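On a predicted model such as this, the values are computed, not experimentally measured, just so you know.
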Amino acid sequence: GTLVYDLQLSGPVATGSASVFASDDAMGLRNGDMTARVDQLIGLNASVRQAGGTVRLRAVSFAVDRQWACIDASGDLGTDVLSNLGAGYGEDLPDVEGQIACSGTMLDVLLDGTSQSGISVDIDARVGVASASSLNARIGGARGEIAQALRALGFTRSGGDFVYVRELGP
């Protein structure tokens, strides 16, 4: 048998719904839809929170096995945080959109976008419970004040792009 719990989330930080399930060999989430306000998310860089915007998850589903390995994942993600942040610096940064999927045993979140002025953003976040998680972000075409802001946020210059790499242990 499978236990299924239908959840509704409603509050000042986020709204959404999903079904959470647990069976003998897997557990996860189905039909997840959520919108979260970035200015209310504790733990983010202050300038990112001040930029505001939302993070949206649509039709997100994932399942992990008993060893916490990703066995199935799908859904769409998007945010306007970067375009809001760029507007504060007079720059045209893109909204980013993407999907989630399993990559081996990891949950892989892939986002990208390109602004009208040619600034490109590629983000690859790999999330694992039993293994190290990582975040790789590459921004091309950034200059001026936004380039200074990226340096302040921990991005480094690599081949004309700004790159941010972070790895977290299990």
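- Annotation: R166, atom CZ; neighbour count of heavy atoms from other residues, nucleotides and ligands within 6.0 Å does not exceed 12.
- If you chain together hydrophobic residues whose side chains sit under 4.5 Å apart, V163 and V48 never meet in one group.
- Looking only at side-chain heavy atoms (C-beta outward), L77 and V109 come within less than 4.5 Å of each other.
- A single hydrophobic cluster is not seen to contain both V64 and F21; linkage of ILVMFWY side chains at heavy-atom distances under 4.5 Å, directly or through other members, places them apart.
- Annotation for A51 and N84: closest pair O-CB, 3.4 Å, computed over non-hydrogen atoms.
- If you take CZ on R143 and CD on E145, they are separated by 12.5 Å, rounding to the nearest 0.5 Å.
- L107 and L110 fall into different hydrophobic clusters, where Ile, Leu, Val, Met, Phe, Trp and Tyr side chains are chained together by heavy-atom contacts under 4.5 Å.
- In this structure the side chain of V55 reaches within 4.5 angstrom of the side chain of V38, judged on heavy atoms.
- Remark: L9 CG to M34 CE distance equals 7.0 Å, nearest 0.5 Å.
- Side chain of D39 to main chain of R49: no donor-acceptor pair is present (N/O by atom type, distance under 3.5 Å, no hydrogens or angles).
- Side-chain atoms of D108 and I100, non-hydrogen and from C-beta on, never get closer than 4.5 Å to each other.
- The OG atom of S19 lies 4.0 Å from the CG atom of D6; values are rounded to the nearest 0.5 Å.
- Note that the OH atom of Y164 and the OG1 atom of T156 stand 10.5 Å from one another [nearest 0.5 Å].
- In this structure, a donor-acceptor pair under 3.5 Å is absent between the side chains of S17 and D33.
- Using a 4.0 Å cut-off between charged side-chain N and carboxylate O, D161 and R138 make a salt bridge.
- In this structure, S23 contributes its side chain and A26 its backbone to a donor-acceptor pair below 3.5 Å.
- Between the side chain of S131 and the backbone N or O of G128, no donor-acceptor pair lies under 3.5 Å.
- In this structure a side-chain-to-backbone donor-acceptor pair under 3.5 Å is present from S61 to N31.
- Taking each heavy atom of A73 and C102 in turn, the nearest pair found is N-SG, 3.7 Å.
- Atom CZ of R58 is separated from atom CD of Q99 by 14.5 Å, given to the nearest 0.5 angstrom.
- T114 places no side-chain N or O within donor-acceptor distance of the main-chain N or O of G118, the cut-off being under 3.5 Å.
- Counting heavy atoms from C-beta on, the side chains of V121 and P94 come closer than 4.5 Å.
- I119 and L82 fall within the same hydrophobic cluster, defined by Ile, Leu, Val, Met, Phe, Trp and Tyr side-chain heavy atoms under 4.5 Å apart, directly or through other members.
- F162 does not carry R151 over the face of its six-membered ring by the limits of under 6.0 Å from the centre and within 45° of the normal.
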query: Can you check side-chain contact (heavy atoms from CB on, under 4.5 Å) on V20 and L7, steps first, answer last?
result: CA-CA 7 Å; V20 178; L7 303 174; 3.2 Å; yes
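- When side chains are defined from C-beta on, F155 counts as touching I139, because their heavy atoms get closer than 4.5 Å.
- Between T54 and R56 there is a side-chain heavy-atom pair separated by less than 4.5 Å.
- Judged by distance alone, the side chain of T79 and the main-chain N or O of V81 form a donor-acceptor pair under 3.5 Å.
- Under the 4.5 Å side-chain criterion, counting only non-hydrogen atoms from C-beta, D124 is not in contact with D122.
- A donor-acceptor contact shorter than 3.5 Å links the side chain of D92 to the backbone of Q116.
- V13 is listed as a side-chain neighbour of L41, based on a closest heavy-atom distance under 4.5 Å.
- For D65 (side chain) and W68 (main-chain N/O), a donor-acceptor pair under 3.5 Å exists by modelled atom type.
- Nearest heavy atom pair, residue D24 against residue R66, reads O-NE, 2.7 Å.
- In this structure, C70 SG and M106 CE are separated by 9.5 Å, a value rounded to the nearest 0.5 Å.
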query: Can you check side chain to side chain donor-acceptor pair (under 3.5 Å) on S133 and R126, steps first, answer last?
result: CA-CA 5 Å; S133 298; R126 294 177 187 256; over 6 Å; no
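- Residues L153 and L111 share a hydrophobic cluster, clusters being chains of Ile/Leu/Val/Met/Phe/Trp/Tyr side chains in contact below 4.5 Å.
- In summary, the side chains of R30 and S74 do not present any donor paired with an acceptor at a separation below 3.5 Å, with no hydrogens or angles considered.
- Residue L93 comes nearest to S83 through the heavy atom pair O-CB, 3.2 Å, listed as atom of the first residue, atom of the second, then distance.
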